[in-house]
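Encoded as structure tokens, the structure appears first; notes follow it.
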Amino acid sequence: MTQQSTSPRVDRYNPPEVERLWQEIWERNGTNSWTNEALRTAEKPFYNLMMFPYPSAEGLHVGNIYAFTGADIYGRFQRLRGHDVFEPIGFDAFGIHSENFALKSGVHPTELIPRNVERFTKQLRRIGAMYDWDHTVDTTSPEYYRWTQWVFLQLFRAKLAVKKEAPVNWCPSCNTVLANEQVIGGECERCDTPVEMRNLSQWFFRISDYADRLLDNLETLDWSDSTKKAQANWIGRSEGAEIHFAVVGTEQRISAYTTRPDTIFGATYMVLAPEHPLVDEITTPERRGEVDEYREQARAMDLVSRQKTEKEKTGVDTGGRAVNPATGQEVPVWIADYVLMGYGTGAIMAVPGHDERDFEFATKFDLSIPRVIAGEDQDASTPLEEAYSGPGHLVNSGEFDGLDWREAKPRITDWLAEKGAAEPRTNYRLHDWCISRQRYWGPPIPILYCDDCGTVPVPESELPVVLPEIEDFRPDASGISPLARHEEWYVTSCPECGGRARRETDVSDTFLDSAWYFLRYPSVGNDKTPFDPEVTKQWLPVDSYIGGNEHAVLHLLYARFITMVLNDLGHIDFEEPFTRFRAHGLIVKDGAKMSKSRGNVVVPDEYIEEFGADTFRTYLMFIGPYEEGGDFRDAGITGPYNFLTRLWDTVLSAEDSEADGAVEQKLHATIRKVTEDMEALSYNTAIAAMMEYLNTVRAGGRTPRRGEVEPLVPLVAPFAPHLAEELWSRLGGKPSVFDEARWPDFDPEKATADEVELVVQVNGKVRAKLTMERGVAKEEAVAAALAEDNVQRFVEGKSVRKQIFVPDRLINLVVG
RNA sequence: GCCUGGGUGGUGGAAUCGGUAGACACAUCAGACUUAAAAUCUGAAGGGCUUCGGCCCGUGCGGGUUCGACUCCCGCCCCAGGCACCA
């Protein structure tokens, strides 16, 4: 069991030895592992989750360790407070990241990933996190992605997974689809070939159907404000109207979405996206050549450079004309690439007087720019030097003149609606989630195409659709998806008619793997179902989730979406997966983000080797506020190292007696401070408070007493778990400290000192400090203040006009 | 351009329901121990002035509110991250 060390002489703190010993004991005793049975019956479950890592070939970097340590500390804190804490970890190993690395290094991902996972596991054990290694997940294992495919099928059945055409970045040299991040300055990052836009038929999840719920639920979540705001912006709900313009000479009409129906009288032209389906029909013969040429140019441009704001506006007149339903006037219809097919209706009513982009366009092409809104000190004829988008009242707007713009929005929408020319509409910036990847390293999408039956889902009983191990996984000139080159894999029979069928050869997005992994952890090992209903009910939703803010939008939004869908389909009984989320900060080096190209990457292993995991953990948390991150400096690590060493010496050399009165007061104040700070993730100040207390205990070389130092063991345990175990054991405790010790309580009476230092100010400047009894009355305090020589100097010969008294804090005498 | 954070000693950072600015730590300096050094322990320290009692200045810049502002309000500058022609 534990080692017995009752030797009177205190041995030196030896982190590697202590840490090795306790990691062995934890492992042997299953200190941090749950059996499936125990998971079912836990009394005070607390699900402590951290974002699982992508197991890179470089191993854990300081950023990972920082994130995991902060989360682990919180879990250990909750455990000491009496919760049954489940803290799992896993590996997010599919995706373009792994695949690109494999392509570069020439090692197959099926070989690379297990190797990386092994290295990560070793490092994660070394830092002393209390992971339940019996409940771990690897997204690339068939036992896991079988259920990822199952999730896809649930969405497919609910008609929330649909196949449709969408534009993608296409490199004509690599013959592959590129993510937006892989397009650098309009060129392929790998071969520098100019990237084109292509339309491909792909699978989408209809997340936009959930936009309102995803937005409205945010209010109920205990999440960092910045994260909630980022999600709200991403969803981008906007209220407005869809207004219909009749096309002259046809039965067609063009619908445009606008948030400014109040400016309809100023809509002097329309603009369609180059891809808009009506372009062909409305283009007049004499404009045809120019229009076609422009559309060709727009198509050749990649998605990224197409959406550059600073680019000068371009466009051509189609020759077509439409009727402004408010004014009855004919307006020209143009096409321009500043209008995007992907938002609204792909067509806009241009109001150059009150929209910056339209103003720029109208100026360049000499279109008329009337004013229809007048702000303060403006009227109907005030010239427009630039687009005016501020508040005001309507002008040049017929019967609506003089109306406030806010009131005008619904009024004009109603008025147009009566004429059948408009309806109110809400729009979202959020797009449907494209989950198809024309790549190799991901779970195959479990769909078959049968010549007779059409699109057929793979029966759940036949899952997983195993990703075949192929050597030529590199996307090359032969086709779209690497799997599409393997007939022996994709040719199969239809489960419905038995006829010949072809498998879907695209794989799914990595974000799908991570959109449900937290549901799997407690049910790992169950091969009947993705998540056991009973266990899931016991542990979910997640009590605390900690991760990087770079996932504030995509991962967290997708996870919420999938959870909502599974809730709607009756698989789970909650619709929000993470009750509390906190984003941790970023560790930088020399003021810059760590990166290989900068050469400022800190390799944690050496520090852990030299100082131990406990010191490294404590140091990382001491750098700065956990939610803000900080600057890694080698020199700073000796602070926490000295602290832990002193703590070791102090605890082990304490004399066996109760706490001294004055020290006891400080002890209770420290417990209070540390407890509050832990809950708020203010780890840096919690550590500082413990350091300060230790300094008090040792002040002037006094001999510490057992009652003074014993409570420090559980307090420091979340940061330095190995050291705490060893001290706890040497003080006679049974292992583990995390099960046998309790987080100490503080007595509010004892936590406050009997004497207070009262600051005396004269006209707001500090002139003296008085030590007085707590709760001293104003009169007595003022009298004492006036008796001070240095106060007298500034009061003498003047009259005291006002006495400000803040009990137990300060006196301010206003003289003049 | 928009949205988040943030700007405090030589350095990382404390203190924001307005009430002693600089806790804690690093680096620095001095002392103790040592033949010496390292380690350890003790102490000093925002800047300037000082008759050694203290005084003045000081939280990115400029205004304001207040008895009192790092904290609140208005207007700027700078840094980091995210979004970006979303009509």
Side-chain angles (χ1 to χ4, degrees), chain A residues 12 224-230 232-234 236 238 240 256-260 263 267 271 306-311 313 336-340 342-351 354-358 360-361 427-431 549-550 552-553 583 585-586 588 591-593 619 622-625 627-640 642-643 645-646 649 673 682 684-695 698-701 757-769 789-790 793 801-806 808-816:
Chain A
R12 223 180 130 68
S224 317
D225 259 357
S226 60
T227 312
K228 289 206 261 189
K229 277 190 179 130
N233 289 342
W234 187 263
S238 79
Y257 173 74
T258 180
T259 54
R260 298 294 305 272
T263 62
V271 186
R306 162 85 184 263
Q307 294 188 11
K308 280 273 179 279
T309 324
E310 61 268 26
K311 196 178 64 163
K313 296 262 180 299
D337 68 1
Y338 82 92
V339 173
L340 310 172
Y343 186 79
T345 60
I348 62 160
M349 61 174 222
V351 184
H354 305 280
D355 180 283
E356 213 181 304
R357 297 152 301 179
D358 298 342
E360 197 193 323
F361 191 84
N427 232 324
Y428 304 90
R429 190 186 166 280
L430 179 69
H431 285 51
N549 228 353
E550 68 271 21
V553 175
L586 222 64
V588 300
K593 206 166 161 175
Y619 169 61
F622 189 62
I623 289 177
E627 292 179 77
E628 279 163 42
D631 207 340
F632 187 97
R633 290 169 313 130
D634 305 19
I637 199 166
T638 53
N642 290 341
F643 166 63
T645 306
R646 275 199 289 265
D649 292 340
K673 170 89 179 133
S682 295
N684 57 330
T685 51
I687 294 165
M690 288 188 279
M691 287 174 166
E692 200 177 332
Y693 175 66
L694 191 64
N695 290 344
R698 294 163 55 96
E757 196 178 46
L758 210 58
V759 172
V760 183
Q761 298 182 336
V762 179
N763 284 348
K765 294 199 165 166
V766 180
R767 298 304 180 190
K769 292 170 185 178
D789 285 351
N790 203 46
R793 284 176 51 200
R801 290 191 186 157
K802 208 166 168 185
Q803 300 173 347
I804 312 281
F805 179 68
V806 182
D808 297 333
R809 299 208 79 143
L810 85 109
I811 296 167
N812 187 10
L813 303 171
V814 185
V815 302

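Order of the sequence lines sets the chain letters (A, B, ...), proteins ahead of strands, with each chain counted from 1. Nothing here was measured: the structure is a model prediction, and the numbers come from that model.
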So, for [X] and [Y], which heavy atoms are closest and what is the spacing to 0.1 Å?
{"X": "A:R260", "Y": "A:M349", "result": "O-CE, 3.7 Å"}
{"X": "A:A350", "Y": "A:V271", "result": "CB-CG2, 4.4 Å"}
{"X": "A:R429", "Y": "A:W234", "result": "NH1-O, 3.3 Å"}
{"X": "A:T345", "Y": "A:Y257", "result": "OG1-N, 3.8 Å"}
{"X": "A:V588", "Y": "A:D631", "result": "O-OD1, 3.1 Å"}

**Message:** Ignoring hydrogens and geometry beyond distance, is the side chain of A:Q761 in donor-acceptor contact with the base of B:rU20 at under 3.5 Å?
**Reply:** no
What's the [atom1]-[atom2] distance between [X] and [N], to the nearest Å?
{"X": "A:R12", "N": "B:rA39", "atom1": "CZ", "atom2": "P", "answer": "11 Å"}
{"X": "A:Y619", "N": "B:rC24", "atom1": "OH", "atom2": "P", "answer": "19 Å"}
{"X": "A:E692", "N": "B:rA25", "atom1": "CD", "atom2": "P", "answer": "8 Å"}
{"X": "A:E550", "N": "B:rG82", "atom1": "CD", "atom2": "C1'", "answer": "11 Å"}
{"X": "A:W234", "N": "B:rG82", "atom1": "CH2", "atom2": "C1'", "answer": "10 Å"}
{"X": "A:M691", "N": "B:rC24", "atom1": "CE", "atom2": "P", "answer": "11 Å"}

**Prompt:** With sequence neighbours excluded, what pairs up with A:R767 under the side-chain hydrogen bond (donor to acceptor under 3.5 Å, both in side chains) test?
**Reply:** none
**Request:** Return the set of residues passing side-chain hydrogen bond (donor to acceptor under 3.5 Å, both in side chains) with A:R793 (not counting sequence neighbours), or none when no residue passes.
**Result:** A:N790
Is the shortest heavy-atom distance from the side chain of [X] to the side chain of [Y] under 4.5 Å?
{"X": "A:N763", "Y": "A:V814", "answer": "yes"}
{"X": "A:N549", "Y": "A:S226", "answer": "yes"}
{"X": "A:Y338", "Y": "A:D358", "answer": "yes"}

**Asked** Does A:E550 CD have over 12 foreign heavy atoms under 6.0 Å away?
**Response** yes
If only side-chain N and O atoms of [X] are considered, is one of them under 4.0 Å from the OP1 or OP2 phosphate oxygen of [N]?
{"X": "A:N812", "N": "B:rU66", "value": "no"}
{"X": "A:R809", "N": "B:rG68", "value": "no"}
{"X": "A:N763", "N": "B:rG68", "value": "no"}
{"X": "A:N642", "N": "B:rU40", "value": "yes"}
{"X": "A:R767", "N": "B:rC55", "value": "yes"}
{"X": "A:R429", "N": "B:rC83", "value": "no"}
{"X": "A:Y343", "N": "B:rA87", "value": "yes"}

N/O to N/O distances under 3.5 Å, protein versus nucleotides 3-8 of chain B:
{"unit_1": "B:rC3", "atom_1": "O2'", "unit_2": "A:N233", "atom_2": "ND2", "d": "3.3"}

Would you tabulate the pairs of protein nitrogen or oxygen atoms and nucleotide nitrogen or oxygen atoms of nucleotides 57-60 of chain B closer than 3.5 angstrom?
{"unit_1": "B:rC57", "atom_1": "OP2", "unit_2": "A:K765", "atom_2": "NZ", "d": "3.1"}

**Item:** B:rG81 versus B:rG13 - spacing of their P atoms, nearest Å
**Value:** 16 Å
**Prompt:** Rounding to the closest angstrom, what is the interatomic distance between B:rC70 and B:rG60 at atom P?
**Reply:** 10 Å
**Item:** Main-chain N/O of A:G342 paired with A:H431 side-chain donor or acceptor, under 3.5 Å
**Value:** yes
Contact list (N/O, under 3.5 angstrom) for nucleotides 9-12 of chain B vs protein:
{"unit_1": "B:rG12", "atom_1": "O2'", "unit_2": "A:I623", "atom_2": "O", "d": "2.8"}

**First encountered from the 5' end of RNA chain B, between A:R646 and A:R260** = A:R646
**Message:** Give me the stems containing RNA chain B, sorted by first residue, counting only three or more consecutive Watson-Crick or G-U pairs with both distances under 3.5 Å; say none if there aren't any.
**Reply:** B:1-7 with B:77-83, B:10-12 with B:24-26, B:28-32 with B:40-44, B:46-49 with B:54-57, B:60-64 with B:72-76
